[in-house]
Number of protein chains: 2
Amino acid sequence: MDGKSVAGRIHDAIHRLTAAEKRAARGLLGSYPTLGLAPVAEFAEQAGASSATVLRFVAQLGYKSYPDFQRALREEMEARSKSPLQRGVPLGDQREPDSHFLDQFISRAADNLRATAGLIPPSEFEAVCTRLAETKAQCWLAGGRFTDFLAGYMEAHLRLIRPGVRRLDGRPATRTDQLIDIRPGDTVIIFDVRRYDPALVELAAELASQRAQIVLITDEWMSPVNRFAKLVLPCRTEMDRTWDANGSLLAVVEALLARTTELAWPSASKRMGAIERS
Amino acid sequence: MDGKSVAGRIHDAIHRLTAAEKRAARGLLGSYPTLGLAPVAEFAEQAGASSATVLRFVAQLGYKSYPDFQRALREEMEARSKSPLQRGVPLGDQREPDSHFLDQFISRAADNLRATAGLIPPSEFEAVCTRLAETKAQCWLAGGRFTDFLAGYMEAHLRLIRPGVRRLDGRPATRTDQLIDIRPGDTVIIFDVRRYDPALVELAAELASQRAQIVLITDEWMSPVNRFAKLVLPCRTEMDRTWDANGSLLAVVEALLARTTELAWPSASKRMGAIERS
DNA sequence: GCATTTATGAAACTACTGATACACAAGTTA
DNA sequence: TAACTTGTGTATCAGTAGTTTCATAAATGC
């Protein structure tokens, strides 16, 4: 048996595998390496395949028997726990030397996340959450061409935890109608990233004149909307020269939702329970 | 069996143990939990005792059989790797003691990203991208309650780089109409995460019978849609007991888009240029 | 130092797990 | 559509692991 890790062998062999064998492979990767240390029957059950298929799967990986495969797994975890440097890295994701596109991309996305955490002052973040947990004022959401989905996502979740959540429609024409309903002190969350949408700046200007409180979620280059915003949460989005990624915006949105849920728990839990039952 | 950890039980029981049994205990603690997952004979050999002694040792710990003891060990490591909160903090970046909510949240989100990279075999990822770059067949997208926004986001971007992109509407009623347009060999990307949508399973079943190629993007617990899927990209989403995060799904979507753009560059660049000018 | 108790490992046993063969289903090609 | 190839699960078998028994060796008490 050569020195490759079991997870590595799976990645190498997966294209040769049949549908049921792939279920076994995914099952193992999903709870790695535990499932492989269980008896064949349990492995099969958990992965949604038959024992025979699991056996064929380990044969495909190049092991001459199931016990042999299990020994490889044990030796792998033993080696890992013995080297103090690598301790703490979960077993599944040791980087193979020939890091693939997905690995590189995700690694950069993770860098962006970390940078974003550094970019946003905790007090700003907290201020937005307390404002959202405060249900006296209404809360509106608006996004641009490629960020509208974020507004939609946030709206759907925010609706679960508080009342008075509404969405500002994308088309500038219909916006003027909606502006009538906005009251002074209402919160408006605006998403805007590079190739900034001029319509959003106009919108922000009008909202500001109506004394709405604008929260801007943007990228590191700062949408011009920030002129009118009370609170700004900038996120790192740059991947390379041609590509920006909105993953960090979503992460911030989810963090906002989680924290707001926490702050508004007494009322939010009742509301969520009621929605659940309906 | 009560909930105590195996290591805890050893410490509780160690004074009752006889000399040879203590050797077994020391051996297990020395390479924990690997040695306990080996066959009895190997455990015995490594610990310098006989098989019978090892058996008596696990009996002393309160397990009614050796397999029972091994299951406890597996469940223990499974629980540990599944709960991000208890997972060992990486040695390098120890969190600031007064680390703020946002930092913690984002740090866990980054963990999820990394875990996701380990969960998805590069060849599967690549297969999806080449399929998307191939413009002969049409490409459809569908999502569930909280993942529909991902379908929308992906649709918007995919439209920029290739023709024949369409969205399957959320309401089951209108779906039957749309199914008429689907041709054998078409690609359908389905998003489905926990609290899986039964409507999506139905949809997938129908699509499979029409010989559409289904690509499933799901969470680590695997939507039942996977029975019908040709390719599956599982992502880690778990944050804590009450909250799952879709950030890793979006990261994968963006990676897919970036890679597909790369693969389809000759045609995609022309198309994007034309859209730009319009 | 002898008797008694307790601990320990070797060997026999049985139960269960992993392996194999086979039949059926699904998908593919002509 | 029919013939064929490939994949998949069920049932059966064989081998090995876990368990038990028992004889022997320490350890302890008298």
If the threshold is 4.0 Å, N to carboxylate O, is there a salt bridge linking [X] and [Y]?
| X | Y | value |
| --- | --- | --- |
| B:Arg71 | B:Glu76 | no |
| A:Asp12 | A:Arg9 | no |
| A:Arg74 | A:Glu78 | no |

Tell me: [atom1] of [X] to [atom2] of [N], nearest whole Å?
| X | N | atom1 | atom2 | answer |
| --- | --- | --- | --- | --- |
| B:Arg23 | C:dT8 | CZ | P | 7 Å |
| B:Leu17 | C:dT6 | CG | P | 17 Å |
| B:Lys22 | C:dA7 | NZ | P | 11 Å |
| B:Asp68 | C:dT17 | CG | P | 13 Å |

Next on the checklist: Enumerate the salt bridge (Lys or Arg N to Asp or Glu O under 4.0 Å) contacts for residues 44-63 of chain B, please, sequence neighbours excluded, ordered by first and then second residue.
Outcome noted: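 Checked against salt bridge (Lys or Arg N to Asp or Glu O under 4.0 Å) - neighbours excluded - no pair reaches residues 44-63 of chain B.
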Item to check | Pairs flagged by salt bridge (Lys or Arg N to Asp or Glu O under 4.0 Å) wherever residues 17-37 of chain B is involved - sequence neighbours left out | outcome: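 Pairs touching residues 17-37 of chain B that pass the test: none.
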When you measure from the side chain of [X] to the backbone N and O of [Y], does any donor-acceptor pair fall under 3.5 Å?
| X | Y | answer |
| --- | --- | --- |
| B:Thr147 | B:Leu150 | no |
| B:Glu124 | B:Leu233 | no |
| B:Asp186 | B:Arg183 | yes |

Applying side-chain hydrogen bond (donor to acceptor under 3.5 Å, both in side chains), can you list everything that pairs with [X], at least two apart in sequence or on another chain?
| X | answer |
| --- | --- |
| A:Arg108 | none |
| B:Glu262 | B:Arg259 |
| A:Asn112 | none |

Checklist entry - How far does OG of B:Ser123 sit from CZ of A:Arg16, to the nearest 0.5 angstrom? => result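 Taking OG in B:Ser123 and CZ in A:Arg16, the distance rounds to 10.5 Å.
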Validation: residues 247-256 of chain B side-chain donor-acceptor distances under 3.5 Å, sequence neighbours left out:
| from | atom 1 | to | atom 2 | distance (Å) |
| --- | --- | --- | --- | --- |
| B:Ser248 | OG | B:Arg236 | O | 2.6 |
| B:Glu254 | OE1 | A:Asn246 | N | 3.2 |
| B:Glu254 | OE1 | A:Gly247 | N | 3.2 |
| B:Glu254 | OE2 | A:Asn246 | N | 2.8 |
| B:Glu254 | OE2 | B:Tyr153 | OH | 2.7 |

Output a table of nitrogen or oxygen pairs between the protein and nucleotides 27-30 of chain C separated by less than 3.5 Å.
none

Checklist entry - Which angle, rounded to 10°, do you find between the first-five-pair axis and the last-five-pair axis of the helix from C:dG1-D:dC30 to C:dA30-D:dT1? => result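 One end's axis against the other's: 30°.
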Checklist entry - How would you list, by chain and number, every residue that makes a ring-ring contact (aromatic ring centres under 6.0 Å, His included) with A:Phe69, sequence neighbours excluded? => result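 ring-ring contact (aromatic ring centres under 6.0 Å, His included) list for A:Phe69, sorted by chain: A:Tyr63, A:Tyr66.
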Checklist entry - Going 5' to 3' along DNA chain D, which nucleotides are the first and last within contact of chain A (any atom under 4.0 Å from a heavy atom)? => result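 Both ends considered, the range comes out as D:dG7 to D:dT10.
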Show me the protein contacts with nucleotides 11-16 of chain C, counting only N or O atoms at under 3.5 Å.
none

Next on the checklist: Does either side chain, that of B:Ser31 or that of B:Thr34, offer a donor lying less than 3.5 Å from an acceptor on the other one?
Outcome noted: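 Side-chain D/A pair, B:Ser31 to B:Thr34: absent.
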Item to check | Given DNA chain C, 5'-ward residue of the pair B:Thr18 and A:Pro67, judged by closest heavy atom | outcome: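 The residue mapped nearer the 5' terminus is B:Thr18.
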Checklist entry - Listed in order of residue number, which residues of residues 53-60 of chain B have a non-hydrogen atom at under 4.0 Å from DNA chain C? => result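 Residues of residues 53-60 of chain B that come under 4.0 Å of DNA chain C are, in numerical order, B:Thr53, B:Arg56.
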